[in-house]
Amino acid sequence: MRRSLIAANWKMNGRKDGIGVLIQSILAHTEARSYDLVICPPSLYMSQVQQQLVGTSVVLGAQNVFTCDSGAFTGEISAAMLRDFVCPYVIVGHSERRELFAESDAQAAEKFSVVQAQGLIPIFCVGETLKQHEAGRTEAVILRQLDAVLSGKDVQVLRQAVVAYEPVWAIGTGLTARPEQAQQVHAMIRARVAELDKSVADGLRIIYGGSVKAENAASLFLEPDIDGVLVGGASLIADEFISICKSLQQQIPGLAKTGNE
């Protein structure tokens with residue numbers, strides 16, 4: 001049975017006072033939940049958010065990680081440091097890291113491994129650009145990104161991971177993949193993993209990210225292979241994010257998914 005997940009990626013947004021109010025609002029309206037909720041603030045505010053989450057079931061997530069545990073890497077944060085912060089989830093391979101910071105498939109795969117080596121859970125992002133999408137290369141691109149993680153490894157590594165499908169052409173553009181489009185890609189990812197191990201595929205949580213809003217979240221949650229969402233801009237607006245959370249809660253237990261059996 002796959003437990004649904006909502007992850008808030010604040011990116012490089014937020015100020016101290018506003019973050020405090022936002023967390024208070026989220027906690028006040030998401031107490032009774034049947035899904036996992038992760039907040040990924042900018043690293044500078046992780047301590048503040050962590051303190052506010054003490055005693056709740058909402059957990060902390062990180063937006064990025066470096067591949068070494070320590071060393072002369074100014075500005076970077078290691079997975080060992082994140083473990084000290086009781087930060088169980090780490091976003092890996094986000095399209096903005098790939099596109100803006102030239103992070104390769106190999107680098108994203110290495111980050112995946114160092115995160116797991118510290119006992120943390122990578123939220124591994126895959127997705128295609130608009131040019132790749134229009135050229136009909138969606139499947140080839142996503143499977144290449146996924147295979148980079150699995151190369152030389154046992155597929156069992158995916159038992160302690162989340163995969164996030166985030167079409168690059170739908171991030172920050174206002175465009176969103178239609179639910180049936182997203183479902184098709186999620187099903188394709190699950191089918192690829194099932195070729196290696198069906199039980200791993202059945203348990204793998206695959207979430208969608210790409211201009212997720214309250215108005216489209218409910219329809220995304222109806223799809224059988226969409227196990228939650230990675231929310232960007234909408235997670236910075238309390239009412240909007242709370243609405244997304246409520247739309248998922250309203251569909252549980254319908255979202256206690258057991259795979260394609």
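In this text, all values refer to a predicted model and were calculated from it rather than measured experimentally.
Here the CD atom belonging to Q250 is positioned 12.0 Å from the OG atom belonging to S34, to the nearest 0.5 angstrom. Rounded to the nearest 0.5 Å, atoms CG (L100) and OG (S95) are 8.0 Å apart. To the nearest 0.5 Å, the span separating OG1 on T56 from CZ on R33 amounts to 7.0 Å. Distance check, rounded to the nearest 0.5 Å: CD of E96 to CG of N64 gives 11.0 Å. A distance of 8.0 Å separates CD in Q48 from CG in D17, rounded to the nearest 0.5 Å. For the atom pair D227 CG and I6 CD1, the distance stands at 12.0 Å (nearest 0.5 Å).
For L130, the side chain to side chain contact (heavy atoms under 4.5 Å, CB included) criterion is met by E134, W169, not counting sequence neighbours. Residues passing the salt bridge (charged side-chain N to carboxylate O under 4.0 Å, His left out) test with R83: none are found, sequence neighbours excluded. When the side chain to side chain contact (heavy atoms under 4.5 Å, CB included) test is applied to A7, the partners found at least two apart in sequence or on another chain are L5, V38, I123, L230. Partners of Y89 under the ring-ring contact (aromatic ring centres under 6.0 Å, His included) rule, at least two apart in sequence or in another chain, do not exist in this structure.
For C125 against I91, the heavy-atom pair with the smallest separation is SG-CG2, 3.8 Å. Among all heavy-atom pairs drawn from E240 and A234, the shortest one is CG-CB, 3.6 Å.
Using a 4.0 Å cut-off between a side-chain N of Lys or Arg and a carboxylate O of Asp or Glu, E180 and R178 qualify as a salt bridge. With salt bridges taken as basic N to acidic carboxylate O contacts below 4.0 Å, one links D147 and R192. Using a cut-off of 4.0 Å between Lys/Arg side-chain N and Asp/Glu carboxylate O, D36 and R205 are scored as salt-bridged.
Side-chain N/O atoms of S113 and Q116 include no donor and acceptor closer than 3.5 Å. There is a side-chain donor-acceptor pair under 3.5 Å between E166 and H94. At a cut-off of 3.5 Å, with distance as the only test, a side-chain donor of Y165 or E128 sits close to an acceptor on the other residue. Side-chain atoms of D105 and Q145 include no donor-acceptor pair closer than 3.5 Å. Using modelled atom types, one finds a donor on one side chain and an acceptor on the other under 3.5 Å when comparing R159 with S199.
Between the side chain of K111 and the main chain of V92, no donor-acceptor pair closer than 3.5 Å is present. Between the R98 side chain and the G93 main chain, a donor and an acceptor come within less than 3.5 Å of each other. A donor-acceptor contact shorter than 3.5 Å links the side chain of K153 to the backbone of V149. Here the side chain of N216 pairs a donor or acceptor atom with the backbone of S211 at under 3.5 angstrom.
Aromatic ring orientation, H186 versus Y208: tilted (interplanar angle from 30° to 60°).
By the 4.5 Å heavy-atom criterion applied to side chains, V193 and L146 are counted as neighbours. Annotation: side chain of V59 is not in contact with side chain of L37 (no heavy-atom distance under 4.5 Å). Put simply, the side chain of Q63 does not reach to within 4.5 Å of the side chain of S43, judged on heavy atoms. L53 places a side-chain heavy atom less than 4.5 Å from the side chain of V49. Proximity of V126 to I189: side-chain heavy atoms (C-beta onward) are separated by under 4.5 Å at one or more points. Residues P42 and M12 have side chains not in contact (no heavy-atom distance under 4.5 Å, counting atoms from C-beta outward). Under the 4.5 Å side-chain criterion, counting only non-hydrogen atoms from C-beta, L158 is in contact with L150. With a 4.5 Å cut-off on side-chain heavy atoms, F221 and I244 count as touching.
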Problem - Candidate pair T129 and Q132, rule side-chain hydrogen bond (donor to acceptor under 3.5 Å, both in side chains), full reasoning - result: CA-CA 5 Å; T129 65; Q132 292 165 336; 3.2 Å; yes
Got a list of side-chain donor-acceptor pairs under 3.5 Å for residues 71-82, not counting sequence neighbours?
unit_1	atom_1	unit_2	atom_2	d
S78	OG	D69	O	3.1
S78	OG	A80	N	3.4
S78	OG	M81	N	3.1

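Taking hydrophobic clusters as Ile, Leu, Val, Met, Phe, Trp and Tyr residues chained together by side-chain heavy-atom distances below 4.5 Å, I206 shares a cluster with M188. Criterion: ILVMFWY side-chain heavy atoms under 4.5 Å apart, direct or through other members. Under it, L248 and V231 are part of a common hydrophobic cluster.
For residues 8-40, the set of pairs meeting the ring-ring contact (aromatic ring centres under 6.0 Å, His included) definition, not counting sequence neighbours, is empty.
Other residues, nucleotides and ligands contribute more than 12 heavy atoms inside 6.0 Å of the CD atom of Q156.
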